[in-house]
Q: 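Just dropping this structure here.
Along the sequence shown, residues carry numbers from 1.
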Amino acid sequence: MAVLAIDQGTSATKAVVVGDDGTVAGLAEAPIEVRATADGGVELDPEEMWASVLAAGRDALAAAGNPSLSALGLGNQGETVLAWDRASGRPTGPAVVWQ
């Protein structure tokens, strides 16, 4: 069994698959477009963020030969805020990033 760890960051999502013996079995990275606002802020497209998590995870698993997983870990940006619509589960706007 292997572990898939995903780090969803501001400019990219990175994923790594680690085998039972602690060796890295697969790595992947999916970029995210960072948008600057007119007032100097930073925003991200929440759909693009989610797509990058899926892409990086799938690519890392494929690079590792699609092993069975015993665990999945996900780390994300603590400095980013995003509002979701409770009824639909969809984001109400862009993710706002504090840098």
Q: Which heavy atom of Ala15 sits nearest to which heavy atom of Ala56, and what is that distance?
A: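 Of all heavy-atom pairs spanning Ala15 and Ala56, the closest is CB-O, 3.4 Å.
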
Q: Is Trp50 reachable from Leu4 through a run of I, L, V, M, F, W or Y residues, each pair having side-chain heavy atoms under 4.5 Å apart?
A: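 In one cluster with Leu4: Trp50, yes.
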
Q: Provide the closest heavy-atom pair for Thr13 versus Val53 in the form atom of the first, atom of the second, distance.
A: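 Result for this residue pair: CG2-CA, 3.8 Å.
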
Q: Linking Ile, Leu, Val, Met, Phe, Trp and Tyr through side-chain heavy atoms less than 4.5 Å apart, which residues share a cluster with Leu82?
A: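 Once heavy-atom contacts under 4.5 Å are chained together, Leu82 belongs with Trp84.
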
Q: Specify the closest pair of heavy atoms between Ile6 and Gly57, including all atoms of both residues, with the distance to one decimal.
A: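 So the minimum-distance heavy-atom pair works out to CD1-CA, 4.3 Å.
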
Q: Applying a strict under-4.5 Å side-chain criterion to I, L, V, M, F, W and Y, I'd like to know whether Leu69 and Val16 cluster together.
A: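 In one cluster with Leu69: Val16, no.
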
Q: Apart from Val96 itself, what residues make up its hydrophobic cluster when side-chain heavy atoms of I, L, V, M, F, W and Y under 4.5 Å apart count as a link, directly or indirectly?
A: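 Its cluster mates, by chain and number, are Val81.
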
Q: Search all heavy atoms of Ala2 against all heavy atoms of Asp20 and return the closest pair with its distance.
A: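 Nearest heavy atoms, Ala2 then Asp20: N-OD1, 4.2 Å.
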
Q: Quick one, Glu43 with Val34, criterion side-chain contact (heavy atoms from CB on, under 4.5 Å). Give me CA distance, side-chain angles, the key distance, then yes/no.
A: CA-CA 6 Å; Glu43 295 179 340; Val34 178; over 6 Å; no

Q: Hey, are the side chains of Pro94 and Asp45 touching, using non-hydrogen atoms and a 4.5 Å cut-off?
A: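 Not in contact.
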
Q: Distance from Glu47 atom CD to Ser52 atom OG, nearest 0.5 Å?
A: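 The OG atom of Ser52 is 11.5 Å from CD of Glu47, to the nearest 0.5 Å.
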
Q: For Ser68, check side-chain contact (heavy atoms from CB on, under 4.5 Å) against everything at least two apart and list the hits.
A: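 Scan of Ser68 (side-chain contact (heavy atoms from CB on, under 4.5 Å), adjacent residues dropped) gives Met1.
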
Q: Given the rule that I, L, V, M, F, W and Y join up when any side-chain heavy atoms are under 4.5 Å apart, are Val3 and Leu72 in one cluster?
A: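 No, because Val3 and Leu72 fall into different hydrophobic clusters, even though each may have its own neighbours under 4.5 Å.
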
Q: Check whether Thr80 reaches the backbone of Val97 with its side chain - one donor and one acceptor, N or O, closer than 3.5 Å.
A: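 Here the side-chain-to-backbone pair does not exist.
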
Q: Do Leu27 and Asp59 have side chains that get closer than 4.5 Å, going by heavy atoms?
A: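 No - every pair of side-chain heavy atoms lies 4.5 Å or more apart.
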
Q: Quick check: closest heavy atoms across Pro46 and Gly93, and the distance to 0.1 Å?
A: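 In this case the closest contact between Pro46 and Gly93 is CG-O, 3.3 Å.
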
Q: Taking all non-hydrogen atoms of both residues into account, name the closest pair between Met49 and Leu44 and its distance.
A: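 The answer is SD-CB, 3.8 Å.
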
Q: Indicate yes or no: at least one non-hydrogen side-chain atom of Val17 is less than 4.5 angstrom from one of Leu61.
A: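 Of all side-chain heavy-atom pairs linking Leu61 with Val17, at least one is under 4.5 Å.
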
